[in-house]
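FYI, the numbering just counts along the sequence from 1. All values below come from the heavy atoms of this structure, side chains included, with hydrogens, waters and symmetry mates left out.
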Amino acid sequence: MAFIKVESEDMKIGETFRVKHEDTEEQTKMGFIKEESEDFRIEETFTVKQEETEEQTEMEFIKEESEEMKIEETFRVKNEDTEEQTDLMDCLTFYGRPRTTSTAYSTIALLPANPCDSEVEDLSDPDDENYEDHAPPLSKDLPPPPKKRRNRNRLVEASLDLYQTPSPSTKTRKTTWVKKDIPPFTVPEPVFMIPESVQTPFMYWKRLFTDQMIEHITEHTNQYSVQQTGTSVNTTVAEMEDFLSVLLYMGVFKFPSLDDYWACESRFPPVADTMSVKRFNVLRRNVHFNDNFQMEGCTDRFHKIRPLFDMFREQCLLIPPTNRQSVDEVMVAYKGTRAGKLRQYIQNKPDKWGFKIFCRGSSSGIIHDFILYQGATTFFNIQEEEHAHLGLEDLHLGAKVVSILCSSITHKEETVVFYDNFFTSFNLVKTLHTNLGLRSVGTVRANHSGGATLMSDKEMVKRGQGFVDFCSSEGVVAVKWFDNKCVTLLSNACGVEPLSSVKIFKKEAQQKVDVPCPSIVLAYNQAMGGIDLSDMLVHLYKTPMKARRWYLPLFGYIIDVSIVNAWLIYKQDCNLLEQKPMPLKKFRLSVAATLKGANKVPARVGQPTSAKHKPEVRRPNPRVLHPSLEVRYDGIGHWPTFGTQRGRCNLCKGGVSRWRCSKCGDGKLFLCLNNKKQCFVTYHQR
């Protein structure tokens with residue numbers, strides 16, 4: 001037993017010596033491999049190998065390998081022991097690299113935007129291809145290299161800091177929705193100053209289409225004609241007013257072609273007597289609004305019409321708004337191809353092809369602000385400070401439009417903004433209230449509702465018409481109501497209560513029945529139609545500006561909106577003074593007549609000489625149209641003319657006179673002028 005024990009101890013000693021000897025050889029071999037691999041990593045500076053996997057089961061192994069490679073490559077100049085630094089310098093010298101004189105290494109590492117997901121593409125220097133022969137041989141004990149996989153991660157620069165700890169990834173907090181309504185916000189009614197009297201239509205229009213705008217058009221029209229033909233059309237402000245007057249008349253009285261207004265068979269005196277057809281075509285061909293030679297390198301694609309829009313926008317911002325504002329898009333009709341991608345298409349609009357304009361207006365239909373949509377350069381004039389103040393970084397296009405349009409509202413705390421599902425999102429409702437103090441209401445799509453936990457459409461249909469589901473989070477309520485279809489709304493101004501009732505036609509009963517309706521739906525329907533109302537009024541009497549030059553329809557839109565806005569302001573003043581307003585058509589014709597006659601000498605003074613030899617035909621005296629106050633009191637071109645026909649005086653009662661004014665009423669206005677009565681003088685004095 002003693003002999004066996006001694007022999008077993010000898011075998012253990014031999015086995016231990018053999019294992020230690022193998023371990024020594026293996027450590028020596030692994031040290032050589034480690035030294036060769038370190039040399040190879042030094043050779044391949046700034047090299048990050050991109051890997052690829054084909055099977056989902058190898059993801060964990062590849063992730064570990066990629067993390068090890070990134071740690072080695074990124075922190076390869078970490079200060080280590082003196083012996084390792086000496087080995088590193090010797091390796092650099094051995095492979096022909098220049099010896100660095102600095103004892104500390106400071107490099108820039110290129111890392112992927114999300115290092116935990118994947119690795120980046122190969123960033124090795126092209127000169128390193130000469131050192132491929134020094135790659136260490138792969139050992140049988142080492143695992144096989146992972147397969148390459150493709151990735152298109154974007155590279156970012158990261159400074160090398162050995163003691164920098166990676167910041168934890170910020171996770172978006174999930175919104176929690178609860179079954180709770182929000183208290184309603186009482187919108188204060190606007191207070192408008194009562195005017196002393198109702199002004200003339202021309203004065204209301206001049207508030208928006210100012211003399212500065214007419215002078216600007218006149219100047220650039222002459223300049224453009226010189227640039228194109230070498231000679232100026234020599235137009236004046238007075239002639240440009242006549243040109244605008246003709247356009248206003250054409251918007252009310254529509255003829256098949258422009259030449260029909262001057263044709264003998266269909267001559268229209270208010271247009272034909274103001275300007276000849278040849279002169280009208282010359283002005284229409286050369287009307288311009290900006291200098292083309294100063295627009296090189298300009299990012300604004302609407303530069304040809306931009307100055308006029310800016311001046312018109314400044315005047316619209318001066319109009320006192322209501323506390324219920326709405327945001328929507330408007331299409332200016334244009335079917336040509338010369339505008340490029342500025343021409344848009346919206347299927348559910350009356351004008352499907354044209355220029356898209358985002359507008360903000362009151363519930364009464366007055367336009368206060370607008371943005372011309374031009375793609376990526378729509379917000380070219382927004383400064384970085386304003387961009388950061390409004391919080392536009394994480395918002396989509398519609399939300400950015402609403403934020404910029406609402407930034408020009410004066411009394412933001414008292415205003416509620418309404419918009420449709422193209423603009424609405426949960427982030428927009430929160431951003432408007434946080435940055436601007438505005439409350440808002442809007443229909444919303446399911447993917448922009450912020451994850452509101454509402455019933456599905458099928459469940460709502462089963463409950464029947466009038467069923468309401470709602471939930472709220474962070475002061476924002478999401479309401480879903482089933483009418484003929486399901487509609488979802490977001491709001492921080494009003495919610496479900498108080499419930500009201502609306503009449504809906506039911507097929508089963510073949511009659512209208514009352515169904516419950518939340519307050520948010522009624523508020524949205526009452527205030528959202530402002531932009532559509534303005535667009536409808538513009539299309540009633542639209543200025544004909546169809547031309548090859550793409551910016552002329554936009555010029556016609558400015559004229560029409562200025563008329564509509566002026567008429568709505570005039571109508572508002574009439575309501576404050578309890579007076580009956582004139583209709584839009586008469587308002588537009590009054591502005592056109594004043595533009596043609598105010599501060600101008602009439603084209604024809606007196607009767608032609610040939611009229612004395614022609615016998616007069618007795619005809620019933622038509623009703624004389626009185627001139628506007630601007631024409632009546634301008635003191636220019638009002639001459640008394642004597643005729644054989646007598647007529648009743650238009651100032652005094654019972655007076656009969658043969659004297660008429662050459663300018664007022666197209667020369668058919670009779671006024672007394674004798675020793676007893678001076679109605680002609682009194683009529684033309686304030």
Side-chain angles (χ1 to χ4, degrees), residues 172-187 321-329 358-361 363 369 371 379 386-409 411-454 468-481 486-497 518-528 530-531:
T172 57
R173 185 168 57 88
K174 186 177 180 180
T175 306
T176 304
W177 295 86
V178 295
K179 188 78 172 183
K180 183 180 179 181
D181 196 8
I182 63 173
F185 172 73
T186 303
V187 182
T322 61
N323 292 331
R324 292 178 176 86
Q325 298 284 300
S326 59
V327 177
D328 204 349
E329 70 271 1
F358 297 108
C359 299
R360 174 179 63 83
S363 55
D369 200 358
I371 295 176
F379 312 107
E386 185 178 2
H387 193 277
H389 171 67
L390 298 177
L392 305 179
E393 292 81 4
D394 301 331
L395 300 179
H396 60 280
L397 172 65
K400 291 181 180 179
V401 169
V402 174
S403 300
I404 295 174
L405 289 176
C406 292
S407 62
S408 57
I409 297 177
H411 304 288
K412 297 181 176 62
E413 293 78 8
E414 303 174 356
T415 305
V416 178
V417 184
F418 299 82
Y419 36 78
D420 58 17
N421 57 12
F422 177 79
F423 308 94
T424 312
S425 66
F426 181 78
N427 292 335
L428 173 61
V429 177
K430 296 292 295 180
T431 301
L432 287 179
H433 191 264
T434 303
N435 298 337
L436 299 178
L438 282 167
R439 293 175 173 84
S440 57
V441 179
T443 57
V444 66
R445 301 172 185 175
N447 56 343
H448 288 169
S449 62
T453 55
L454 297 171
V468 182
D469 187 21
F470 63 93
C471 59
S472 62
S473 175
E474 303 178 14
V476 180
V477 64
V479 180
K480 193 171 186 178
W481 182 58
C486 293
V487 58
T488 308
L489 299 96
L490 284 182
S491 172
N492 57 358
C494 55
V496 178
E497 298 294 338
S519 62
I520 185 175
V521 176
L522 293 180
Y524 181 84
N525 291 335
Q526 292 174 1
M528 186 56 194
I531 305 300

(message) Between Ser491 and Val429, is the side-chain contact (heavy atoms from CB on, under 4.5 Å) condition met? List the steps.
(response) CA-CA 7 Å; Ser491 172; Val429 177; over 6 Å; no

(message) Working to the nearest 0.5 angstrom, can you tell me the gap between Ile409 CD1 and Arg360 CZ?
(response) 4.5 Å

(request) Check Lys480 against Cys486 and note the closest heavy-atom contact, atom names and distance. (result) CE-CB, 3.9 Å

(request) Grab the two heavy atoms, one from Ala493 and one from Val441, that are nearest each other, plus how far apart they are. (result) CB-CG2, 4.1 Å

(message) What verdict does the side-chain contact (heavy atoms from CB on, under 4.5 Å) test give for Val178 and Ser472, after you've listed the backbone C-alpha separation in whole Å, the side-chain angles of each residue and the deciding distance to 0.1 Å?
(response) CA-CA 5 Å; Val178 295; Ser472 62; 3.9 Å; yes

(request) Please answer whether the main-chain N or O of Gly530 pairs with a side-chain N or O of Ser363 as donor and acceptor at a distance below 3.5 Å. (result) no

(request) Please name the residue in the list Thr415, Asn492, Thr431 that meets the side-chain contact (heavy atoms from CB on, under 4.5 Å) test with Leu438. (result) Thr415

(request) Please determine if Lys179 forms a cation-pi arrangement with Phe470, meaning its NZ or CZ atom is less than 6.0 Å from the six-membered ring centre and no more than 45° off the ring axis. (result) yes

(message) Take a 6.0 Å sphere around NE2 of His411 and say whether it holds more than 12 heavy atoms from other residues, nucleotides or ligands.
(response) no

(message) For the backbone of Ala527 and the side chain of Arg324, can you confirm whether one donor and one acceptor N or O come within less than 3.5 Å of each other?
(response) no

(request) Kindly give the heavy-atom pair with the smallest separation between Thr434 and Lys430, and that separation in Å. (result) OG1-O, 2.8 Å

(request) Drop me the distance from Phe418's CZ to Ile531's CD1, to the nearest 0.5 angstrom. (result) 13.0 Å

(message) Distance check, rounded to the nearest 0.5 Å: Arg439 atom CZ versus Glu414 atom CD?
(response) 10.5 Å

(message) If you apply the rule side-chain contact (heavy atoms from CB on, under 4.5 Å), what do you find for Phe422 with His448, and how did you get there?
(response) CA-CA 10 Å; Phe422 177 79; His448 288 169; over 6 Å; no

(request) Indicate yes or no: at least one non-hydrogen side-chain atom of Gln325 is less than 4.5 angstrom from one of Thr322. (result) yes

(request) Enter the distance from Ser407:OG to Asn435:CG here, rounded to the nearest 0.5 Å. (result) 11.0 Å

(request) Identify the heavy atoms of Val479 and Pro518 that sit nearest to each other, and give their distance. (result) CG1-CG, 4.2 Å

(message) What's the separation between atom CD in Gln526 and atom OG in Ser326, rounded to the nearest 0.5 Å?
(response) 13.0 Å

(message) Using modelled atom types and a 3.5 Å cut-off, is there a donor and acceptor pairing between side-chain atoms of Lys400 and backbone atoms of Phe379?
(response) no

(request) Return the minimal non-hydrogen interatomic distance between Asp369 and Ser408, and the atom names on each side. (result) OD2-OG, 2.9 Å

(request) To the nearest 0.5 Å, tell me how far Asn427 CG sits from Leu395 CG. (result) 6.5 Å

(message) Using a 3.5 Å distance criterion without hydrogens, assess whether the side chain of Ser440 forms a donor-acceptor pair with backbone atoms of Val417.
(response) no

(request) Check the pair Ile404 / Phe358 against side-chain contact (heavy atoms from CB on, under 4.5 Å), numbers first and verdict last. (result) CA-CA 11 Å; Ile404 295 174; Phe358 297 108; over 6 Å; no

(message) I'd like to know if the side chain of Asp469 and the backbone of Leu454 have a donor-acceptor N/O pair within less than 3.5 Å.
(response) no

(message) Before we go on, tell me: are the rings of Phe426 and Trp177 under 6.0 Å apart, centre to centre?
(response) yes

(request) Taking Thr424 for its side chain and Thr443 for its backbone only, find out whether a donor-acceptor pair lies under 3.5 Å. (result) yes

